Each structure stands twice: as C-alpha cells, then as structure tokens.
Amino acid sequence: QVQLVESGGGLVQAGDSLRLSCAASGRTFSSYAMGWFRQAPGKEREFVAAISATVGSTYYTDSVKGRFTISRDNAKNTVSLQMNSLRPEDTAEYYCAARTLPHLSGRKSDYAYWGQGTQVTVSS
C-alpha cells in the first residue's frame, strides 16, 4: 500500500510559478514510476507529466512542455512538479499518482495509487 500526499497548490497570477510536491509512504517508492494528472471542473482527469522509477526518464503532455518539470528524490520518497509560466488554463486540481511498475505511462488506468489532490488556480 502506498499513500500519497500532495502539497504546494495555491492561487497565482498568469506568468507566475508554483512547485507541487508529493510525499509517498512505503519502502518501494524507488521502484515505482510516478505521474502528475490534473482535473479541471467539468472535465476529465488528464495526464500532465510522468517520471520513471530510477533512470529518471520523463514524459509531458504537449501543453506543458517547456514550462513544467517533473523530478523525484528517491531518498526522500518525494516527487515534484515545477510549474513555470502558468496560464489560466492550467487551473485544476492536481493529483500525484504511483504506478507499481518502473516504466512511465501517460494513462490513468496504469496508476494504482492516487493522492487527494491540491488545487492550483491561475488568474489572468
């Protein structure tokens, strides 16, 4: 069992930056690929970014490439999402997710564990 707790959300203006963090419990964190997803009101949850377990390969949805950076610290059981140049369309609840395999994925169904979410609101 893995528990995930996100933090770092908030209300910012367009062009600002935020850093989301996700703290994971369990001794197998380093063997799990991790992902960030987001869900805006009235929309489905969508993929944002993912990182593999140990090699550190990353993958982003097109709309955040060059603005967001996912990283992980296996010694601290954390994964982060640095978000720069935020836009109003980035407004959503952001969720951290863990996959019980080391290879990254952009599919929601590939992730077994989810955090409770943290709200990011970007004003124009």
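Only this structure's heavy atoms are used, side chains among them; waters, hydrogens and symmetry mates stay out. Because the structure is predicted, anything quoted here is derived from the model rather than measured.
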Around atom CD of Q3, are there more than 12 heavy atoms from other residues, nucleotides or ligands closer than 6.0 Å? no

Report yes if the side chains of T91 and Q119 come closer than 4.5 Å at any heavy-atom pair, otherwise no. yes

Is a donor on one side and an acceptor on the other found under 3.5 Å between the side chain of N77 and the backbone of G26? yes

Please check if V79 and V120 belong to a single hydrophobic cluster, counting links between Ile, Leu, Val, Met, Phe, Trp and Tyr side chain heavy atoms closer than 4.5 Å. yes

Which heavy atom in A53 sits nearest to a heavy atom in S30, and how many Å separate them? CB-O, 3.3 Å

Donor-acceptor contact present, side-chain D110 to main-chain L104, <3.5 Å: no

Cationic tip of R72 within the cone over Y32's six-membered ring, i.e. under 6.0 Å and within 45° of the normal? no

Whether the side chain of S52 engages the backbone of P102 through a donor-acceptor N/O pair (distance < 3.5 Å, no angle test) should be reported. no

Look up atom CG in L101 and atom OH in Y111, then write down how far apart they are to the nearest 0.5 Å. 10.0 Å

As an exercise, state the distance from OH of Y60 to CZ of R67, rounded to the nearest 0.5 Å. 12.0 Å

Is there a path of hydrophobic side-chain contacts, each under 4.5 Å between heavy atoms of I/L/V/M/F/W/Y residues, joining Y59 to M83? no

Are F47 and Y113 connected in a single hydrophobic cluster, I mean Ile/Leu/Val/Met/Phe/Trp/Tyr linked by side-chain heavy atoms less than 4.5 Å apart? no

Closest heavy-atom contact between F37 and G106? CE2-O, 3.9 Å

Heavy atoms of A40 and A92 approach each other most closely as N-CB, 3.8 Å

Measure the CG-CD distance between L20 and Q82 for me, rounded to the nearest 0.5 Å. 9.0 Å

Describe, in one word, how the ring planes of F68 and Y94 are oriented to each other, choosing from parallel (under 30°), tilted (30 to 60°) and perpendicular (over 60°). tilted

Between C96 and W114, is a side chain to side chain contact (heavy atoms under 4.5 Å, CB included) present by the stated rule, with each step listed? CA-CA 6 Å; C96 173; W114 294 83; over 6 Å; no

Tightest non-hydrogen contact, residues T78 and F29, listed as O-CZ, 3.6 Å

S63 side, atom OG; R38 side, atom CZ - distance, nearest 0.5 Å: 4.5 Å

E6 side chain to Q116 main-chain N or O, any donor-acceptor pair under 3.5 Å? yes

Spacing of CG belonging to L81 relative to SG belonging to C22, to within rounding of 0.5 Å: 10.5 Å

Over all heavy atoms of both residues, which pair between V12 and S17 is shortest? Give the atoms and the distance, please. CG1-O, 4.3 Å

Basic-acidic side-chain contact under 4.0 Å: D90, R87: no

Over all atoms of both residues, closest heavy-atom pair of P88 and A14: CD-CB, 4.1 Å

To the nearest 0.5 angstrom, please state how far the OG atom of S71 sits from the CE atom of M34. 11.5 Å

Residue K43 excluded, over 12 heavy atoms near NZ under 6.0 Å: no

For residues Y95 and K108, determine if any side-chain heavy atom of one lies less than 4.5 Å from a side-chain heavy atom of the other. no

